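Below you'll find the structure, written out as structure tokens, and then a few comments.
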There are 2 protein chains.
Amino acid sequence: MTTREGAELHLTTRQFELIAKALADPRRMALLETIAGERPCPCQHLRDQFPVSKATISHHIKELVRAGLVDARKTGQYLNCEVRRDVVRAYTAELMRRVGRAS
Amino acid sequence: MTTREGAELHLTTRQFELIAKALADPRRMALLETIAGERPCPCQHLRDQFPVSKATISHHIKELVRAGLVDARKTGQYLNCEVRRDVVRAYTAELMRRVGRAS
DNA sequence: GGTAGCGTTAGATGGTTGTAAAACTATCGT
DNA sequence: ACGATAGTTTTACAACCATCTAACGCTACC
């Protein structure tokens, strides 16, 4: 139900910047794409698909969560990540609002 | 006529990354917004609105052009910048396609 | 309770990058 | 032609950041 909302989510300036930064690193973007691909994404799955240490993955996830792009809930010893698609949509909307429309 | 096209512009992986990087820096984003605000934007105008050296502005503009987000044509001694709104739209569309839609 | 697996934190490091100063190029006005 | 104005390039530097290793904290299972 968080997937399809009518009301547009509002992003603070701070969050807008954090999102842009989070999306800027290709590896982190790739991680985000993988998370988006598999519904509840066990963090460990990411380790198998990318040649990076678990510390690095942990760091990237933290940044994605900080930006609000990913929701991470710990169930047992696993960390389940999910993309906040409403936030992604809010970001693209804000981007269009700022530089996408004719003045 | 470049402002309103039916066909979606295709972004290479490289350009997608460059755009994300270009948007990541707050100052550069602010410059882009200013450029988007005034139609033909003399580069010098930007110097008055931001406390940065002209070297820095020149550098940022170069990055924006490299990413394809800005079109810069030199007329006389002035540099006129314009936002490529079709590219912005292509970026947001690609972003939505990658992580915005439910799997 | 011990051992193994998953994730986090701390510290170190190499690379990237935003920024400015200075020197340079180019164009305009007089 | 000269001076002023606009932008570029080079070089240098400081700050940031992605990455790793190693050590740690939890949870699960036997």
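Residue numbers start from 1 in every chain, and the chains themselves are labelled A, B, ... in the order their sequence lines are given, proteins ahead of strands. Computed from a predicted model, the values in this text were never measured in an experiment.
- A salt bridge is defined here as a Lys NZ or Arg NE, NH1 or NH2 lying under 4.0 Å from an Asp or Glu carboxylate O, and Asp25(A) with Arg27(A) fails to meet this definition.
- The side chain of Lys62(A) lies closest to dT9(C) when the candidates are dG7(D), dT9(C), dG7(C).
- Not one side-chain nitrogen or oxygen of Gln44(A) sits closer than 4.0 Å to the OP1 or OP2 atom of dG5(C).
- The phosphate of dT17(C) has OP1 or OP2 within less than 4.0 Å of a side-chain N or O from Lys21(B).
- Nucleotides of DNA chain D nearest to Ile57(B) and Thr75(A) differ in position, and the one nearer the 5' end is that of Ile57(B).
- Using a 4.0 Å heavy-atom criterion, one finds that Pro26(A) contacts no nucleic acid atom at all.
- For the pair Glu33(B) (side chain) and Val99(A) (backbone), a donor-acceptor distance under 3.5 Å is absent.
- When each of dC20(D), dT19(C), dG7(C) is scored by its nearest atom to the side-chain atoms of Asp25(B), the top-ranked nucleotide is dT19(C).
- Each of dA6(D), dT8(D), dA18(D) was ranked by its minimum atom distance to the side chain of Gln77(B); first place goes to dA6(D).
- Ranking dT8(D), dA18(D), dG7(C) by closeness to the Arg28(A) side chain, first place goes to dA18(D).
- Checked by atom type and distance alone, the side chain of Arg84(B) never pairs as donor or acceptor with a backbone atom of Asp71(B) at under 3.5 Å.
- Taking 4.0 Å as the cut-off between side-chain N and carboxylate O, Glu17(B) and Lys21(B) do not count as a salt-bridged pair.
- Distance, Lys54(A) NZ to dA4(C) P: 14 Å, rounded to whole Å.
- Here dC17(D) presents its P atom at 8 Å from NE2 of His59(A), a figure rounded to the nearest Å.
- A cation-pi contact links Arg98(A) to Phe16(A), judged by a cut-off of 6.0 Å to the six-membered ring centre and 45° from its axis.
- Separating the CD atom of Glu63(B) from the P atom of dT16(C) is a distance of 13 Å, rounded to the nearest angstrom.
- Comparing His60(A) and Ser58(B), the nucleotide of DNA chain D nearest to each residue sits closer to the 5' end for Ser58(B).
- In this structure, Leu79(B) places its CG atom 14 Å from P of dC28(C), rounding to the nearest Å.
- Within the structure, every side-chain polar atom (N or O) of Thr56(B) is placed at least 4.0 Å from both OP1 and OP2 of dT19(C).
- With dT5(D), dT19(C), dG5(C) as the choices, the nucleotide that has an atom nearest any side-chain atom of Arg27(B) turns out to be dT19(C).
- When the P atom of dT8(C) is taken as reference, atom CZ of Arg66(A) falls 15 Å away, rounded to whole Å.
- Between Glu17(B) atom CD and dT17(C) atom P the separation is 11 Å, expressed in whole Å.
- Between dC20(D), dA20(C), dC6(C), one nucleotide has an atom nearer to the side chain of Ala55(A) than all others, and that is dC20(D).
- Rounded to an integer number of Å, the gap from OH of Tyr78(A) to C1' of dG25(D) is 17 Å.
- In this structure, the CZ atom of Arg47(A) is 14 Å from the P atom of dT19(D), given to the nearest Å.
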